[in-house]
Amino acid sequence: VNPKVVNRSQTLHSIRDVTRPSNQARVMVRIIEIPPINGEDFASQVAAKRDILNKISVRSNRQNPIKKWDLVSNDDFQLEIYRYFRRRGWFYERRVREWRQRSRELKSVQIRHAINIKNLTQYIVSYYWNKPKMGPATAKRETGDLFEGEIYEQVRKTPVEVVYQIFQVSDNIRVVLSDINGAKYSKYLKTHASLTLFCLLVRAFQEVEVKWGSPDFTTLLDDHADDWVGKRSSNWKKLTKSAINYIYAEYQVEVKRAKKKDKDVPTIINYFKNQKSIAKLIKKPVPAELKRLARKVIEN
């Protein structure tokens with residue numbers, strides 16, 4: 001009754017694709033039976049069952065050298081994201097190389113690749129810039145630890161519509177950064193600054209009273225994704241470029257301060273992993289120019 005695979009899903013997919021399966025083939029399985037939900041206190045029973053399923057998934061995979069994000073790829077939160085994205089025509093990649101294996105099939109039915117589980121979780125953690133142990137420096141520095149403990153518990157509380165909006169904003173940033181050229185905007189800077197850049201844009205949108213999680217914001221982001229031309233793409237480019245200029249200027253202030261005090265000069269990679277430096281940057285008042293450009297983005 002209601003069986004669920006919590007490990008070896010890849011094995012099942014491989015078997016499915018065998019054209020001439022052997023009648024002698026055998027696969028060892030382990031069945032764990034969980035009592036059905038019944039009687040009173042329905043909510044607590046559901047929560048307990050969800051916790052059991054998540055623990056089975058994690059512990060049954062401990063035997064293999066596997067990434068921490070793979071351990072949560074089948075939990076309720078990740079499946080909810082997957083289904084929501086799929087309904088909107090996007091493929092959320094919960095497992096490594098899953099898109100590569102299925103891209104031809106999915107493209108044939110107009111499903112686009114969205115983002116993978118690791119990167120999306122980094123952006124979700126960056127979104128919570130004002131919560132303890134969260135923010136872009138944590139997301140940059142502790143990738144594996146984002147999928148367990150207090151951090152992942154906070155991640156799992158994120159409404160799925162907010163998760164989708166986080167993806168759309170991060171994807172617009174990705175597209176813009178790929179089009180920004182010049183010696184100042186090195187690939188190195190764009191790569192390491194991306195989470196802080198996203199966080200700064202979250203703040204800018206919050207300052208102009210964008211309601212994250214609202215259907216109106218989802219509709220606006222979907223419209224921009226489907227019609228990325230003219231003023232829309234131009235406004236996103238101006239906003240993103242202004243934000244990365246501001247971030248780079250703040251980094252240069254840190255460099256000058258270190259030189260003046262005869263301390264080690266922070267490299268770009270170390271700067272964006274430094275919780276104190278990035279928290280200081282993010283908590284500053286959002287520049288008026290960024291707020292002006294954020295308004296232009298949501299008005300078109």
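Worth knowing before you read on, the calculation uses all heavy atoms, side chains too, and leaves out hydrogens, waters and symmetry mates.
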Check whether [X] and [Y] end up in the same hydrophobic cluster, where Ile, Leu, Val, Met, Phe, Trp and Tyr are linked by side-chain heavy atoms less than 4.5 Å apart.
X      : Y      : value
Ile52  : Leu79  : no
Val253 : Ile278 : no
Leu239 : Val229 : no

Ignoring hydrogens and angles, tell me if any N or O in the side chain of [X] forms a donor-acceptor pair with the backbone of [Y] under 3.5 Å.
X      : Y      : value
Ser242 : Lys238 : no
Thr191 : Lys187 : yes
Arg203 : Ile282 : yes
Thr158 : Val155 : yes
Lys190 : Ile180 : yes
Asn235 : Lys231 : yes
Gln165 : Gly213 : yes
Glu207 : Lys291 : no

Taking all non-hydrogen atoms of both residues into account, name the closest pair between [X] and [Y] and its distance.
X      : Y      : result
Trp228 : Val176 : CZ2-CG2, 3.9 Å
Tyr127 : Val202 : CD1-CG1, 3.8 Å
Arg88  : Arg112 : O-NH2, 4.4 Å
His224 : Val297 : CE1-O, 3.2 Å
Lys118 : Phe147 : CA-CZ, 4.0 Å
Val169 : Phe205 : CG1-CE1, 4.4 Å

Rounded to the nearest 0.5 Å, how far does [atom2] of [Y] lie from [atom1] of [X]?
X      : Y      : atom1 : atom2 : answer
Thr218 : Asp222 : OG1   : CG    : 6.5 Å
Ile173 : Leu201 : CD1   : CG    : 4.5 Å
Ile166 : Glu161 : CD1   : CD    : 11.5 Å

Residues [X], [Y]: salt bridge by 4.0 Å N-O rule:
X      : Y      : answer
Glu289 : Arg292 : yes
Lys284 : Glu250 : yes
Asp227 : Arg232 : yes

Steps toward salt bridge (charged side-chain N to carboxylate O under 4.0 Å, His left out) verdict (Asp216, Lys211) | CA-CA 8 Å; Asp216 289 343; Lys211 291 182 172 58; over 6 Å; no

Relative to the ring of Tyr123, is the ring of Phe198 parallel (under 30°), tilted (30 to 60°) or perpendicular (over 60°)?
->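 Perpendicular.
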
Should the ring pair Phe217 and Trp212 be called parallel, tilted or perpendicular, given that the plane angle runs from 0 to 90° and is split at 30 and 60?
->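 Aromatic pair Phe217/Trp212 classed perpendicular.
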
Identified side chain to side chain donor-acceptor pair (under 3.5 Å) counterpart of Glu93 within the set Arg102, His113, Arg100 =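 It is His113, the one option of Arg102, His113, Arg100 that forms the side chain to side chain donor-acceptor pair (under 3.5 Å) with Glu93.
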
Run the numbers on Asp75 and Tyr152 for side-chain hydrogen bond (donor to acceptor under 3.5 Å, both in side chains), then give the verdict.
-> CA-CA 12 Å; Asp75 73 19; Tyr152 192 61; 2.6 Å; yes

Mark yes when over 12 heavy atoms from residues, nucleotides or ligands other than Glu150 sit less than 6.0 Å from its CD; otherwise mark no.
->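 No - once you tally the heavy atoms of other residues, nucleotides and ligands closer than 6.0 Å, there are 12 at most.
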
More than 12 non-hydrogen atoms from neighbouring residues, nucleotides or ligands closer than 6.0 Å to CD on Glu209, yes or no?
->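 No, because the 6.0 Å sphere around CD of Glu209 holds 12 heavy atoms or fewer from other groups.
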
Out of Phe77, Tyr164, Phe91, which residue meets the ring pair (Phe, Tyr, Trp, His ring centres under 6.0 Å) rule with Tyr84?
->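 Of all the options given, the one that passes is Tyr164.
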
